[in-house]
A.B. asks: 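Have a look at this one before I ask anything.
Predicted, not measured: the structure shown is a model, and the values here were computed from it. Throughout, protein chains are lettered first and strands after them, A, B, ... in sequence-line order, and every chain is numbered starting at 1.
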Amino acid sequence: MMTPFDPDNTPTRQAPAGVPIIVDGGGPGGYAGGYQSPLLEGLNPQQREAVEYRGPALLIIAGAGSGKTSVLTRRIASLLETREAWPSQILAITFTNKAAAEMRDRVKAILGQGADGMWISTFHSSCVRILRREAENAGLSASFSIYDSADTKVTLKRIIKSLDADTLGFTPGNASAKISKLKNELADVDSYARNANMSDPQEVMFVEIFRQYTQRLRAANALDFDDLIGETVYLFRAFPAVAALYRRRFRHILVDEYQDTNHAQYSLVRELTRPVEPELADEMETTGVHVRNLRDATGGIPGASLTVVGDSDQSIYAFRGADTRNITEFERDFPGTKVILLEQNYRSTQNILSAANAVIGHNFDRKDKKLWSAGGDGEKIVGFTAYSGHDEAQFVADEIEVLHSAGMAYRDMAVFYRTNAQTRALEEILVRSAVPYRVVGGTKFYERAEIKDALAYLISVANPNDELALRRILNTPKRGIGPATETGLASFAEANQISFRQAMRDSAGLGLGPKVTGAILNLATLLDEAALKIDPTNPAGQANVSELLTFLLERSGLLTLLRNSRDPQDEARAENIEELVAQTKDFNKENPDSGLVDFLTQVSLVAAADDLDDASGTVSLMTLHTAKGLEYEAVFLTGVEEGLLPHQMSANEPGGPAEERRLFYVGITRARQRLYLSLAMTRAQFGDINVAMPSRYLQEIPVDLIDWKQSPGMANSRGGTQPRALNARRDGFGGGFAKRGAPEALPPAPKPKTEWSNRVSQVRDNGDLTLAAGDRIRHIDFGDGRVNQVTGDGTKRIAHVQFDTTGAKKLLIKIAPIEKL
DNA sequence: CCGCGCTTCGGCCCT
DNA sequence: CGAAGCGCGG
């Protein structure tokens with residue numbers, strides 16, 4: 001890996017010479033033996049076995065950082081290299097699209113040629129692919145829409161409103177959670193209704209909500225996220241001949257992050273790995289699907305070989321249905337399973353691993369597994385207790401700069417947090433300190449209103465039955481079509497058993513005003529014209545996605561309106577839409593054979609971790625959930641407080657605290673060389689200041705592994721607003737923090753609430769303040785200092801300042817709270 | 001009937 | 001701090 005920063009110069013991370021590819025977790029190297037495939041070079045015995053074992057089922061229990069991606073990749077390469085499998089016979093399921101792309105690249109790099117025909121993708125992408133191909137059998141049109149959670153909530157909101165279900169306590173949030181949970185268990189309305197207690201009015205109402213929701217999605221030719229998996233399973237169960245096609249095709253199925261699969265995903269894997277009955281094999285042969293060389297003695301096709309990789313200790317998605325029983329009961333489910341344990345860690349220092357082992361050891365009901373490294377102890381973990389979230393952010397920014405000046409690239413550092421709300425304080429300080437950073441996930445590009453609007457135009461063209469998309473654009477941009485007209489159209493459609501789109505075309509007969517009617521007809525015509533542009537029978541040829549989007553934007557006036565607006569926010573919105581247009585152009589270039597529906601699918605299935613850009617050269621900020629599967633030289637794990645980690649919400653749920661501990665464990669094990677654990681004694685939330693206690697998990701880490709720059713016991717003995725990041729004592733262990741004072745013992749908040757909130761949200765602007773080397777300045781937190789150097793230009797000018805008492809800092813001149821003396 | 005600006009309230013955990 | 005809910009003017 002690209003790791004210039006390596007204080008201990010540990011040799012384990014160097015790839016053995018002669019290996020054509022660079023793979024992390026390369027192992028101890030130095031294999032002394034006769035010839036062997038380069039595929040096995042640098043692997044330890046367990047890893048080697050995991051690559052070479054052949055059998056019906058293989059379970060690889062892979063601890064964090066044990067080189068499992070490398071093993072999976074080489075296993076695929078090995079199957080292809082030995083001609084045991086064609087690329088098209090391999091189905092590899094990863095957790096994110098990014099992981100899929102990476103795996104594909106690595107296999108290509110090993111084989112030195114394209115591995116076309118392989119399916120390497122996420123559960124959801126694979127299922128969409130299958131469902132679009134088999135749409136007819138699934139009772140869908142191939143251009144079905146995919147509803148995200150926001151779409152689901154809007155739909156449920158309308159249903160709840162029409163049923164007055166809010167009086168029974170239903171909200172879009174709780175209803176969607178319940179429906180999702182049921183779908184993850186492969187329950188549908190009918191199966192649920194059969195077992196429901198129909199004397200409970202709330203149950204009756206829920207069944208009605210669920211039923212209407214299902215109907216609306218059907219009518220809109222749409223599937224929600226959970227349906228993608230469930231419908232594929234139903235499809236295979238209802239149409240054995242269809243299932244047989246895929247069972248015949250995929251001879252080797254590999255699933256990563258198996259501990260995070262839910263019941264529906266488990267069932268899908270089960271369906272895909274079932275054998276094909278002899279009769280069905282006969283049938284396939286007669287229809288020209290060759291199965292002869294796949295048949296066994298019985299005349300059927302044996303089930304595909306299944307490889308799963310997982311680690312129960314990293315299961316962090318129980319809240320959305322992941323079931324670790326899938327992994328703990330794997331051997332029972334798939335008889336003849338071979339189990340391989342990967343415990344040697346090639347990522348982190350022993351100190352980091354010891355902390356991780358100690359923490360996860362507090363979870364009972366787990367198979368004992370101890371990660372170990374041959375790479376030496378490394379640095380101690382650094383602990384820091386800040387007075388406030390603001391203060392904590394300052395510590396992070398300062399330490400990032402220290403690491404950076406020591407030669408570590410920004411992109412090798414990451415800051416983790418439990419909740420997205422914590423980004424605000426971090427971002428504020430990082431911007432002020434001129435640290436380049438990037439928030440991974442968070443408010444996603446495709447969730448922005450203007451992007452959803454533009455996409456709704458495209459969806460309306462691709463899937464004319466999608467009422468949700470149509471209603472979204474009906475009055476966007478403003479056409480004078482209000483909610484009353486909208487409901488009028490909807491009930492007209494309902495009453496006449498026609499689609500919403502058709503109701504728009506027929507709106508002349510509704511007796512609406514001429515202006516409104518004209519507006520509706522205009523939009524209907526625009527969409528019809530757009531649909532013609534991508535009609536395969538159009539003699540004029542077909543428009544690509546970017547041409548279509550440009551046409552829709554121009555004719556609807558959406559983009560022009562934003563551009564001409566005086567609201568500065570609209571400028572940013574226009575830029576976002578232009579970015580979307582640019583994305584469609586890239587898409588056309590990269591996928592010349594793909595069309596509108598493919599583009600929309602890709603957009604629907606991006607996950608938070610997918611927009612990670614390794615080449616960006618910035619510090620990455622993300623939630624602990626997003627961090628899974630990633631690794632960094634230095635990791636800052638912030639907000640290690642009771643109520644945050646473990647999170648308040650987890651306390652009531654069974655297994656909650658244990659899952660939170662795994663989340664903490666996942667965070668710790670992302671770090672290669674340096675780990676920082678920080679917490680804040682007080683944290684601003686919802687405009688209030690809350691007092692926090694150190695997380696219980698901190699006490700689970702042996703004290704000699706942590707070097708407390710400021711221990712929890714020390715922080716509460718001080719008050720005031722002086723920065724403590726740099727004048728902190730270095731007296732070793734955080735002695736006595738387990739017995740530290742109760743919250744009441746804390747000093748009062750330093751400032752009144754209002755003033756505090758203002759300071760956080762206030763965007764300071766120093767205008768054209770100019771600074772030059774030699775100037776003396778005063779900083780609101782750091783005191784007086786001398787400017788050494790000014791770099792950058794325009795609004796990005798950065799002052800390098802040596803403060804008299806708080807050391808060297810970089811400050812963004814435009815917004816730093818400074819004044820010239 | 002629609003659009004806009006105002007006030008108010010409740011809301012943030014993770015996908 | 002942002003969405004929902006209102007009351008008014010067009």
Side-chain angles (χ1 to χ4, degrees), chain A residues 95-97 122-124 147-150 152-154 157 161 166 171-173 176-177 180-181 183-184 224-226 228-229 257 260-262 265 314-322 416-424 440-444 446-447 449 474-489 510-517 519-520 567 569 604-610 622-629 639 641 643-653 656-657 659-660 662-664 666-667 683-688 690 753-754 757-758 760-762:
Chain A
F95 201 65
T96 63
N97 296 299
T122 63
F123 270 108
H124 291 94
Y147 278 10
D148 65 16
S149 60
T152 294
K153 290 212 172 84
V154 171
K157 192 175 172 184
K161 196 167 180 189
D166 53 336
T171 64
S176 77
S180 172
K181 209 173 166 188
K183 287 185 175 180
N184 286 334
D224 68 22
F225 240 65
D226 303 312
L228 297 177
I229 315 291
E257 307 282 9
D260 286 321
T261 52
N262 59 35
Q265 291 163 332
Q314 293 186 63
S315 164
I316 55 175
Y317 285 106
F319 70 92
R320 57 169 204 204
F416 300 159
Y417 35 82
R418 176 66 227 264
T419 72
N420 277 314
Q422 290 166 253
T423 52
R424 195 166 291 178
V440 181
T443 37
K444 278 172 264 160
Y446 297 108
E447 283 170 12
L474 189 64
N475 200 31
T476 313
K478 301 260 179 286
R479 302 186 171 88
I481 307 171
T485 312
E486 186 184 324
T487 24
L489 277 170
L510 254 83
L512 296 161
K515 236 172 122 180
V516 179
T517 311
I520 295 171
D567 185 343
Q569 295 223 320
S604 303
L605 297 180
V606 292
D610 290 334
M622 69 189 83
T623 66
L624 283 165
H625 282 90
T626 306
K628 196 183 66 168
E641 298 144 31
L644 215 47
L645 192 70
H647 195 273
Q648 200 67 54
M649 298 280 173
S650 70
N652 310 323
E653 290 164 34
E659 174 144 325
E660 296 285 308
R662 291 192 293 268
L663 197 51
F664 186 49
V666 165
R683 200 170 280 280
Q685 238 181 346
F686 309 140
D688 271 336
N690 297 327
K753 172 181 160 180
T754 45
S757 341
N758 280 347
V760 171
S761 59
Q762 179 187 335

A.B. asks: Starting from the C-alpha separation in whole Å, work towards a yes-or-no answer on side chain to side chain contact (heavy atoms under 4.5 Å, CB included) for A:Phe95 and A:Thr122.
C.D. replies: CA-CA 6 Å; A:Phe95 201 65; A:Thr122 63; over 6 Å; no
A.B. asks: Check the phosphate of B:dT15 against A:Thr626, side-chain N and O only, distance under 4.0 Å to OP1 or OP2. Yes or no?
C.D. replies: yes
A.B. asks: Roughly how far, to the nearest 0.5 Å, is OH of A:Tyr147 from CG of A:Asp226?
C.D. replies: 15.0 Å
A.B. asks: For nucleotides 2-7 of chain B, give me one character per nucleotide, 5' to 3': B if any protein heavy atom sits under 4.0 Å from the base, S if the only such contacts are to the sugar-phosphate, - if neither.
C.D. replies: SSS---
A.B. asks: Could you list all N or O pairs between the protein and nucleotides 4-10 of chain C that sit under 3.5 Å apart?
C.D. replies:
from	atom 1	to	atom 2	distance (Å)
C:dA4	OP1	A:Lys157	NZ	2.8

A.B. asks: Are the ring of A:Tyr317 and the base ring of B:dC14 both nearer than 5.5 Å at their centres and tilted by less than 30°?
C.D. replies: no
A.B. asks: As an exercise, state the distance from CG of A:Asn475 to CD of A:Glu486, rounded to the nearest 0.5 Å.
C.D. replies: 8.0 Å
A.B. asks: Might you point out which heavy atoms bring A:Leu644 and A:Thr419 nearest each other, and give the distance in Å?
C.D. replies: CD1-CG2, 4.1 Å
A.B. asks: How close or far is atom P of B:dC14 from atom CZ of A:Arg662, stated in whole angstroms?
C.D. replies: 18 Å
A.B. asks: Taking side chain as C-beta onward, heavy atoms only, is A:Leu645 less than 4.5 Å from A:Leu624?
C.D. replies: yes
A.B. asks: Which whole-number value in Å describes the distance from A:Leu512 CG to B:dC1 P?
C.D. replies: 10 Å
A.B. asks: Between atom CG in A:Leu644 and atom P in B:dC14, what is the gap in whole Å?
C.D. replies: 11 Å
A.B. asks: Taking CG from A:Asn97 and P from B:dT15, how many angstroms apart are they, rounded to a whole number?
C.D. replies: 15 Å
A.B. asks: Rounded to whole Å, please give me the gap between NZ in A:Lys153 and P in C:dG2.
C.D. replies: 19 Å
A.B. asks: Rounded to whole angstrom units, what separation is found between the CZ atom of A:Phe123 and the P atom of B:dT15?
C.D. replies: 19 Å
A.B. asks: After noting the C-alpha distance and the side-chain angles of A:Phe319 and A:His625, does the key distance pass the ring-ring contact (aromatic ring centres under 6.0 Å, His included) rule?
C.D. replies: CA-CA 12 Å; A:Phe319 70 92; A:His625 282 90; 5.5 Å; yes
A.B. asks: Please report the interatomic distance CG(A:Leu512) to OG1(A:Thr517), rounded to the nearest 0.5 Å.
C.D. replies: 5.0 Å
A.B. asks: Rounding to a whole Å, what distance do you find between A:Arg424:CZ and C:dG2:C1'?
C.D. replies: 10 Å
A.B. asks: Please state how far atom CD1 in A:Ile316 lies from atom C1' in B:dC14, giving the value in whole angstrom units.
C.D. replies: 8 Å
A.B. asks: Can you name the residues that form a ring pair (Phe, Tyr, Trp, His ring centres under 6.0 Å) with A:Phe416, not counting sequence neighbours?
C.D. replies: none
A.B. asks: Nearest 0.5 Å, what's the CG-CG distance between A:Leu605 and A:Asn97?
C.D. replies: 6.5 Å
